[in-house]
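To keep things clear, I will list the structure first and then write my remarks on it.
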Protein chains: 2
Amino acid sequence: MLSILDEVGAANRQLIAMGYKVTRQREATLRILFENETDHLSAEEVFMLVKKSNPDIGLATVYRTLELLNELDIVEKINFGDGVARFDLRSKDHEHMHHHLLCSECGGVKEIKDDWLQELEERLEKEFGFTVSDHRLEFTGIYKKCANKSCKKERKAVS
Amino acid sequence: MLSILDEVGAANRQLIAMGYKVTRQREATLRILFENETDHLSAEEVFMLVKKSNPDIGLATVYRTLELLNELDIVEKINFGDGVARFDLRSKDHEHMHHHLLCSECGGVKEIKDDWLQELEERLEKEFGFTVSDHRLEFTGIYKKCANKSCKKERKAVS
DNA sequence: TTACTTGCAAAGCATTTGCAAGCGG
DNA sequence: CCGCTTGCAAATGCTTTGCAAGTAA
């Protein structure tokens, strides 16, 4: 398990390798992403968090940085249909395993780290001549604990 | 197989049952949706098509109608991450089977009408105490025919 | 009639962009 | 020093909303 500093460092090396510069703002944004690895933050949320350590950063910079990280495959831009883009780190153990459980009761988003779709992808190749490069799987439903005692109060409680 | 008129009629009855009125605009919108069942139209696209037979309709009305149909579960609002909401009819044979193949070469969206996830949903119930009410599955990749001869020219060619 | 609907224009949001100033390498 | 980056504000693009006029039942 790498420390956050190591992870940020690795990302920085990737930036440099691709000809981009390592700036205060980019490092700060990366740090926030790694510190909140499981949270599916929106650009606005990242902005708020980065601002704490870096009050001068602009929202546009955060957007630009997230877009850049998305292009470098350091994060994945995802859209749960609530009108804001969210950003997931694509670290080694998340690769190609972006399954989410969305609880309609508490609004929580849980990530499942299994690759369940290998078999299906092979079928698509054979039956449709379609070569899969990525997939996304989401389940909407309710946790038993949420069905019983309503836990609407706390958003993102489940994680 | 029902005719489009029958399908629109059924939807109308649903509207009435829920206390909504059947208007020229709503019927026209429904007709367009049924006529383009496989096309994943955006609100703007629906608007354009409805305008042909109904030049006086306003874009806001189309948005409101689509939103209403979404609430009535007559259509499903989906988001492929391209910045526009798209709308899929939830007819009998589509129910609970919203799997999509997104071709990164030609931009085509193909629908798969199989329910592959029953088994996984049972696992989620057992292992996570999560009761699935809906799911979404998308594969991004390339069709063999697109990999060979580039078919970028025509958008939505595959369907 | 009466409440639901509509069209229009204005507003609302998330996101993007132009540009001059700032900074990394 | 050069060119990539930034912050700000303005612009954009999709979607929603306020409101007076229109219309289904």
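Convention: sequence-line order gives letters A, B, ...; per-chain numbering from 1. Model, not experiment: these values are computed from the prediction. What's counted below: heavy atoms across the whole structure, side chains too, no hydrogens, waters or symmetry copies.
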Is the phosphate of D/dT6 approached by A/Thr23 (side-chain N or O, under 4.0 Å from OP1 or OP2)? yes
Taking only side-chain nitrogens and oxygens of A/Arg26, does any of them come within less than 4.0 Å of OP1 or OP2 of D/dT6? yes
If the cut-off is 4.0 Å, is B/Tyr63 near the phosphate of D/dT15, judged by side-chain N/O to OP1 or OP2? yes
Looking at D/dT23, I'd like to know if its phosphate oxygens (OP1 or OP2) sit under 4.0 Å from a side-chain N or O belonging to B/Gln25. no
Would you say the ring centers of B/Phe80 and B/His100 fall short of 6.0 Å from each other? yes
With the side chain of B/Glu67 defined as its heavy atoms from C-beta on, choose the nearest nucleotide among D/dT16, C/dG7, D/dC14. D/dT16
May I ask you to say whether A/Glu71 pairs ionically with A/Lys77, meaning some side-chain N is under 4.0 Å from a carboxylate O? no
Starting at CG of A/Asp82 and ending at C1' of C/dT15, how long is that distance when rounded to a whole Å? 14 Å
Any side-chain donor near an acceptor of the partner, A/Glu125 and A/Thr131, under 3.5 Å: yes
Separation of atom CG in B/Leu66 from atom P in D/dC14, rounded to whole Å: 15 Å
From CG of B/Leu41 over to P of D/dT15, roughly how many Å is that when rounded to an integer? 13 Å
Atom NZ of A/Lys77 and atom C1' of C/dT15: how far apart are they, to the nearest Å? 8 Å
What's the closest nucleotide to the A/Arg64 side chain, out of C/dT16, C/dC19, D/dC19? C/dC19
Any chance CD of B/Glu119 has more than 12 other-residue heavy atoms, nucleotides or ligands included, within less than 6.0 Å? no
